[in-house]
Amino acid sequence: MSAPPLRPAPATTGPAAPDRTGANGGEPRRRRGRPAELADFGAGRGEPYVRLLAGQDIASSLSLRGADGTSHRLDAGSWVRPAGEADLTVLDRATGPLLDVGCGPGRMLHAAGARSIPALGIDVMPHAVERARTAGGLALQRSVFDRLPLEGRWRSVLLLDGNIGIGGEPAALLRRCAELVAEGGQVLVEVDADADLAVVGHCTLVDDGGRESSPFPWARVGWAVVAALASDAGLVVVEHWDAAGRHFVRAVRSARRSLVRETRSAIAATASSTAQMTASAMP
């Protein structure tokens, strides 16, 4: 099953986001394939997500605003509260070691620890990592596309709270997650309730006070679309469930699909090399 194309939203323009320094205060760390002027999720300008993490607007709700003016309400309050009923259904299916991509303040890390599931969180936002660590979680300030510990050996990777939208490239994100999990490992993804939703573009994050972030790339996809994208990434969706109004899928890394994909890549590379040698040998 081939993945359907994601429907792009119109690009948005705005002031350039402030530079984000690397972990050691050096050059700004650039995410692979993203323009320098785009911010991280909810950062830059009004920084509503940073304010939420800092506890300044804990009661404030947040909304994703698309370039076309559409708005999608987010249950941001749940990110800073303990893991809820729906979260625990994900952990019911998880095994360790577990990697929480875009871990935020670390509620899933804390819940995994309570179940003795070894877990690591990663997030590009320093405020999120600091808060996760303060709550007792193990977390690193990293992008999922950075070099990570235990690559190819994670048993579970989480993409919750809409994090399938990271970078606005869910296909690339799922391919990366497939690289991170061990053979037979799983990627647990929260998806949109609309099974066929496939929207990608530049969004801003807005709070109740009207504070707005700089533009950042994001995507929203439903479970049927994720199933197709996962298949292309060498993952097989084996379960779809809903809990407390939220929807999730569980995708397992298939050894056979991975082998087929690698074989196809090798064949294509060989064909390209052969064509180049043939062309160079011609008078």
Side-chain angles (χ1 to χ4, degrees), residues 12 14-56 62 64 74 76 79-80 98-110 119-135 137-151 154 157-177 179-180 187 189-190 200-207 211-220:
T12 162
D19 286 344
R20 300 287 170 190
T21 57
N24 297 317
E27 290 297 314
R29 186 165 52 198
R30 303 279 169 79
R31 246 53 86 202
R32 185 170 65 193
R34 76 179 292 163
E37 70 272 11
L38 293 176
D40 291 320
F41 177 87
R45 285 159 62 175
E47 299 203 312
Y49 182 47
V50 175
R51 294 175 64 87
L52 177 74
L53 291 171
Q56 298 176 34
L62 302 177
L64 273 176
L74 302 173
W79 303 345
V80 292
L98 177 152
L99 179 68
D100 186 3
V101 176
C103 65
R107 78 179 189 283
M108 296 303 292
L109 299 178
H110 188 271
L120 171 70
I122 57 170
D123 204 297
V124 298
M125 300 295 289
H127 293 77
V129 172
E130 180 182 358
R131 186 156 176 169
R133 290 173 176 171
T134 300
L138 182 62
L140 296 174
Q141 186 184 344
R142 300 276 178 88
S143 161
V144 66
F145 295 106
D146 290 339
R147 187 173 181 177
L148 298 172
L150 298 180
E151 293 205 8
W154 296 99
V157 171
L158 305 187
L159 288 170
L160 303 186
D161 303 323
N163 284 335
I164 183 62
I166 287 174
E169 297 186 46
L173 180 58
L174 287 170
R175 287 195 299 270
R176 175 57 173 153
C177 289
E179 294 173 353
L180 293 172
V187 184
V189 188
E190 184 167 0
V200 62
H202 296 162
C203 300
T204 57
L205 199 66
V206 185
D207 67 13
R211 286 175 287 265
E212 186 172 351
S213 75
S214 295
F216 57 90
W218 204 251
R220 290 179 57 215

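As a basis for the values below, the full set of heavy atoms in this structure was taken, side chains included, without hydrogen atoms, waters or symmetry mates. In this chain, numbering begins with 1 at the start of the sequence shown. Values in this document were obtained by computation on a predicted structure and should not be read as measured data.
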Fill in the blank from the handout: Heavy-atom nearest pair, W218 first then C203, reads CB-SG, 4.1 Å

Fill in the blank from the handout: CZ of R211 to CG of L52, rounded to nearest 0.5 Å, is 11.0 Å

Exercise for the section: May I ask you to say whether R107 pairs ionically with D161, meaning some side-chain N is under 4.0 Å from a carboxylate O? Expected result: yes

Practice task
Give, for atom CD of Q141 and atom CZ of R133, the distance between the pair rounded to the nearest 0.5 Å.
Solution key: 8.0 Å

Fill in the blank from the handout: CG (L64) and CG (L205) are apart, to the nearest 0.5 Å, by 6.0 Å

Exercise for the section: Specify the closest pair of heavy atoms between E151 and D146, including all atoms of both residues, with the distance to one decimal. Expected result: OE2-O, 3.8 Å

Completion exercise
Between A139 and C103 the two heavy atoms that sit nearest each other are CB-SG, 4.3 Å

Exercise for the section: Find the distance between CG (N163) and CG (L173) and round it off to the nearest 0.5 Å. Expected result: 8.5 Å

Exercise for the section: For residues V144 and I122, determine if any side-chain heavy atom of one lies less than 4.5 Å from a side-chain heavy atom of the other. Expected result: yes

Practice task
Considering non-hydrogen atoms only, spot the tightest contact between L109 and A132 and give its length.
Solution key: CD1-CB, 4.3 Å

Practice task
For residues R45 and P215, determine if any side-chain heavy atom of one lies less than 4.5 Å from a side-chain heavy atom of the other.
Solution key: yes

Problem - Value rounded to 0.5 Å, distance of CG in D207 from CG in L74 - result: 12.0 Å

Practice task
Examine distances only and state if a side-chain atom of R142 and a backbone atom of L148 form a donor-acceptor pair shorter than 3.5 Å.
Solution key: no

Problem - From CG (D123) to CG (D100), nearest 0.5 Å - result: 8.5 Å

Practice task
Before giving the answer on side chain to side chain contact (heavy atoms under 4.5 Å, CB included), spell out for H127 and R51 the whole-Å C-alpha distance, their side-chain angles and the decisive distance to 0.1 Å.
Solution key: CA-CA 9 Å; H127 293 77; R51 294 175 64 87; over 6 Å; no

Problem - Heavy-atom donor-acceptor pair, W154 side chain to P149 backbone, under 3.5 Å - result: yes

Practice task
Measure across L62 and P48 and return the closest heavy-atom pair with its distance rounded to 0.1 Å.
Solution key: CD2-CB, 3.9 Å

Exercise for the section: Please work out whether the ring planes of Y49 and F41 are parallel, tilted or perpendicular, with thresholds of 30° and 60°. Expected result: perpendicular

Exercise for the section: List the steps, then state whether side chain to side chain contact (heavy atoms under 4.5 Å, CB included) holds for E130 with L53. Expected result: CA-CA 9 Å; E130 180 182 358; L53 291 171; over 6 Å; no

Exercise for the section: Please step through side chain to side chain contact (heavy atoms under 4.5 Å, CB included) for the pair V50 and M125, ending with a clear verdict. Expected result: CA-CA 8 Å; V50 175; M125 300 295 289; 3.4 Å; yes

Problem - Full working for side chain to side chain contact (heavy atoms under 4.5 Å, CB included) between L140 and V129 - result: CA-CA 6 Å; L140 296 174; V129 172; 6.0 Å; no

